[in-house]
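In what follows, a single structure is set out as structure tokens and then discussed.
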Amino acid sequence: MQHWLMKSEPAAFSFDDLHARPGRTDHWDGVRNYQARNFMRQMRRGDQVLFYHSNCEQPAVVGIAEVVREAYPDFTAWDPKSVHFDAASTPDAPRWFMVDVRWKQAFARAVTLTEMKGMRELSEMPLLRRGSRLSVMPVTGEQYRAIVDRGMKRRPTE
DNA sequence: GCCAACGTTGGC
DNA sequence: GCCAACGTTGGC
């Protein structure tokens with residue numbers, strides 16, 4: 001099983017928004033970056049996803065989601081009215097892809113970006129690199145467990 | 001709202 | 001294929 005981190009701006013689509021969807025499930029549309037797209041295509045059903053709130057008052061991982069459908073064409077790229085429209089992507093030759101994720105569990109408390117910067121286990125995370133803009137990234141099992149442990153308060157907080 | 005860092009575009 | 005200009009991301 002693989003682990004991932006996916007960013008979303010809560011003003012656009014929050015972890016609570018995902019919870020409110022039918023089946024607590026939605027498609028992850030709008031990724032328009034090749035590296036992030038390629039990571040999504042590597043996702044497999046059952047992979048665990050850290051849901052990260054970006055570009056907001058308190059950037060943080062707020063909970064866990066799960067991949068329930070593997071990569072398929074992002075149809076919002078074909079819709080001229082969509083902000084994610086891309087004329088270069090067609091149904092015959094889709095350029096962009098998305099996966100479906102299901103809300104799984106909210107953290108007891110958010111694990112903030114500031115806090116993550118102080119965690120030794122996370123020193124290699126792309127998320128913490130200066131200027132990192134990658135919106136979908138792999139997370140190692142160790143990094144995943146370290147973050148979930150914090151979020152679930154299974155470990156005394158400093 | 002600012003602005004540094006990044007990815008993409010397009011002229012050459 | 002280079003690289004300046006541009007638009008976007010996202011922390012602060």
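Everything numeric in this text was worked out from a predicted model, so none of it was measured. The sequence lines fix the lettering, A, B, ..., with proteins before strands; numbering per chain opens at 1.
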I need the full list of salt bridge (charged side-chain N to carboxylate O under 4.0 Å, His left out) pairs touching residues 32-49 of chain A, with sequence neighbours left out, sorted by first then second residue. Arg32(A)-Asp74(A), Arg44(A)-Glu70(A)
Contacted region of DNA chain C by chain A, from 5' end to 3' end of the hits, cut-off under 4.0 Å to heavy atoms, spans dG7(C) to dC12(C)
Residue-level proximity of residues 51-64 of chain A to DNA chain C when a heavy atom falls under 4.0 Å: Tyr52(A), Ser54(A), Asn55(A), Pro59(A)
Is there any ring-ring contact (aromatic ring centres under 6.0 Å, His included) pair reaching into residues 14-37 of chain A, and which pairs are they, with sequence neighbours excluded? Phe15(A)-Phe51(A), Phe15(A)-Trp103(A), His19(A)-Trp103(A), His27(A)-Phe75(A), Trp28(A)-Phe51(A), Tyr34(A)-Trp96(A)
Crowded around Arg102(A) CZ? As in, over 12 foreign heavy atoms under 6.0 Å? no
Distance alone, cut at 3.5 Å: any donor-acceptor contact between the side chains of Asp17(A) and Ser14(A)? yes
Any ring-ring contact (aromatic ring centres under 6.0 Å, His included) pairs touching residues 111-136 of chain A, not counting sequence neighbours? none
Single hit among His3(A), Gln105(A), Lys104(A) for side chain to side chain donor-acceptor pair (under 3.5 Å) with Gln48(A): Lys104(A)
How would you list, by chain and number, every residue that makes a ring pair (Phe, Tyr, Trp, His ring centres under 6.0 Å) with Trp78(A), sequence neighbours excluded? none
